[in-house]
Trainee: 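One structure, as structure tokens, below. Some questions next.
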Amino acid sequence: MGQTFQKDKIELRENQTTVSEYLNLRSQVHWKSLTIEQARLALDNSLYVLGAYYEDTLVGMGRVVGDGAVICYIQDLVVSPSMQHMGLGSVLLQKLKEYVNSLRLPHSEMMLDLMCAKGREAFYEKHGFLARPTETLGPGMIIYLNDETCEAT
């Protein structure tokens, strides 16, 4: 802790992350496995993918999905374990927020949502995100659709 990454050693690249890089980074943090086709479609259908490279290796990334007018979601914000707790996640998150704000129509409000891993709430709260539920906002909800949860039609 207390260390910071050397900004001059990190290169941020927009919309260049490859499927293999994405799958490798997800694997490093033990996220759910995706098929190659799922990963390809996820990247292709994203509004914005920001990769952080150290010596030409993807060490962090963020991905934004949404409609680009009313709501966007930070779908992925992931940093390689070797680069965590050095400020890279904060840099990526700030750039993702800036990107979404650049889409916002004049005199309008855009919702920027995310679902964070348990225990990561404080990180997002320090960047201005509001934990739900609140007095006026209900909790987030999720369902995983798969062969067991969906009936054949």
Trainee: Are Phe123 and Met61 connected in the hydrophobic side-chain network, where two residues link if heavy atoms are under 4.5 Å apart?
Mentor: no
Trainee: Let me check something: do Ile36 and Leu43 share a hydrophobic cluster, defined by ILVMFWY side-chain heavy atoms less than 4.5 Å apart, either directly or through other members?
Mentor: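 In one cluster: yes.
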Trainee: Give a yes or no on whether the backbone of Gly138 and the side-chain of Arg132 come within a donor-acceptor separation of less than 3.5 Å.
Mentor: yes
Trainee: Heavy atoms only: give me the nearest Leu105-Ser108 pair and the separation to one decimal.
Mentor: O-OG, 2.5 Å
Trainee: Nearest 0.5 Å, please: how far is CD1 in Ile143 from SG in Cys150?
Mentor: 7.0 Å
Trainee: Taking the side chain from Glu121 and the backbone from Gly119, do they hold a donor-acceptor pair closer than 3.5 Å?
Mentor: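 Between the backbone of Gly119 and the side chain of Glu121 there is a qualifying donor-acceptor contact (under 3.5 Å).
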Trainee: Assigning hydrophobic clusters by single linkage (Ile, Leu, Val, Met, Phe, Trp, Tyr; side-chain heavy-atom cutoff under 4.5 Å), is Tyr73 placed with Val100?
Mentor: no
Trainee: Check for a donor-acceptor pair, side chain of Gln84 on one end and backbone N or O of Val79 on the other, with a separation under 3.5 Å.
Mentor: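 Checked: pair present.
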Trainee: Supply the atom-to-atom distance Asp67 CG to Leu103 CG, rounded to the nearest 0.5 angstrom.
Mentor: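 Going from CG on Asp67 over to CG on Leu103, the span is 9.5 Å.
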Trainee: Can you see which heavy atom on Pro133 is nearest to which on Pro139, and at what distance?
Mentor: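 Scanning both residues, the minimum pair turns out to be CB-N, 3.7 Å.
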Trainee: Hey, could you give me the OG1/CG distance between Thr17 and Leu58, rounded to the nearest 0.5 Å?
Mentor: 5.0 Å
Trainee: Got a donor-acceptor contact below 3.5 angstrom from the Lys97 side chain to the His127 backbone?
Mentor: yes
Trainee: More than 12 heavy atoms of other residues, nucleotides or ligands under 6.0 Å from CD of Glu37: yes or no?
Mentor: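 Yes, enclosed.
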Trainee: Find the distance between CG (Asn15) and CG (Asp44) and round it off to the nearest 0.5 Å.
Mentor: 10.5 Å
Trainee: What distance do Gln16 atom CD and Leu50 atom CG have between them, rounded to the nearest 0.5 Å?
Mentor: 10.0 Å
Trainee: May I ask you to test the Leu130-Leu137 pair for a side-chain heavy-atom distance under 4.5 Å?
Mentor: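 In short, these two side chains touch, coming nearer than 4.5 Å.
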Trainee: Is there a side-chain contact between Leu92 and Leu12 (heavy atoms, below 4.5 Å)?
Mentor: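 Side-chain contact under 4.5 Å: yes.
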Trainee: Using only atom types and a distance under 3.5 Å, with no angle test, would you say the side chain of Arg120 pairs donor to acceptor with the backbone of Tyr124?
Mentor: no
Trainee: Tell me, do Asn101 and Leu112 make a side-chain contact under 4.5 Å, heavy atoms counted?
Mentor: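 Counting from C-beta outward, Asn101 and Leu112 never come under 4.5 Å.
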Trainee: Can you sort out the partners of Tyr48 under ring-ring contact (aromatic ring centres under 6.0 Å, His included), two or more places apart, ordered by chain and number?
Mentor: Tyr99
Trainee: Is Leu93 reachable from Ile10 through a run of I, L, V, M, F, W or Y residues, each pair having side-chain heavy atoms under 4.5 Å apart?
Mentor: yes
Trainee: Extract all donor-acceptor atom pairs below 3.5 Å that involve side chains of residues 27-34 and protein atoms in other chains or at least two apart in sequence.
Mentor:
{"residue": "Gln28", "atom": "OE1", "partner": "Ser80", "partner atom": "OG", "Å": "2.6"}

Trainee: How long is the gap from CG on Leu96 to CG on Leu47, to the nearest 0.5 Å?
Mentor: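 Spacing of CG (Leu96) from CG (Leu47) equals 11.0 Å.
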Trainee: Look at the side chain of Asp76 and the backbone N and O of Gly62, then say whether any donor-acceptor pair between them is shorter than 3.5 Å.
Mentor: no
Trainee: Do any N or O atoms from the side chain of Arg26 and from the backbone of Ala39 form a donor-acceptor pair under 3.5 angstrom?
Mentor: no
Trainee: Test of understanding: clusters of I, L, V, M, F, W, Y form through side-chain heavy atoms closer than 4.5 Å, transitively. Do Val65 and Met115 belong to the same one?
Mentor: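 No, Val65 does not connect to Met115 through the hydrophobic network.
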Trainee: Just so I know, are the side chains of Met111 and Val70 near enough to count as touching, which here means a heavy-atom distance under 4.5 Å?
Mentor: yes
Trainee: Quick one: side-chain hydrogen bond (donor to acceptor under 3.5 Å, both in side chains) partners of Tyr53, sequence neighbours excluded?
Mentor: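 Expected list: Glu21.
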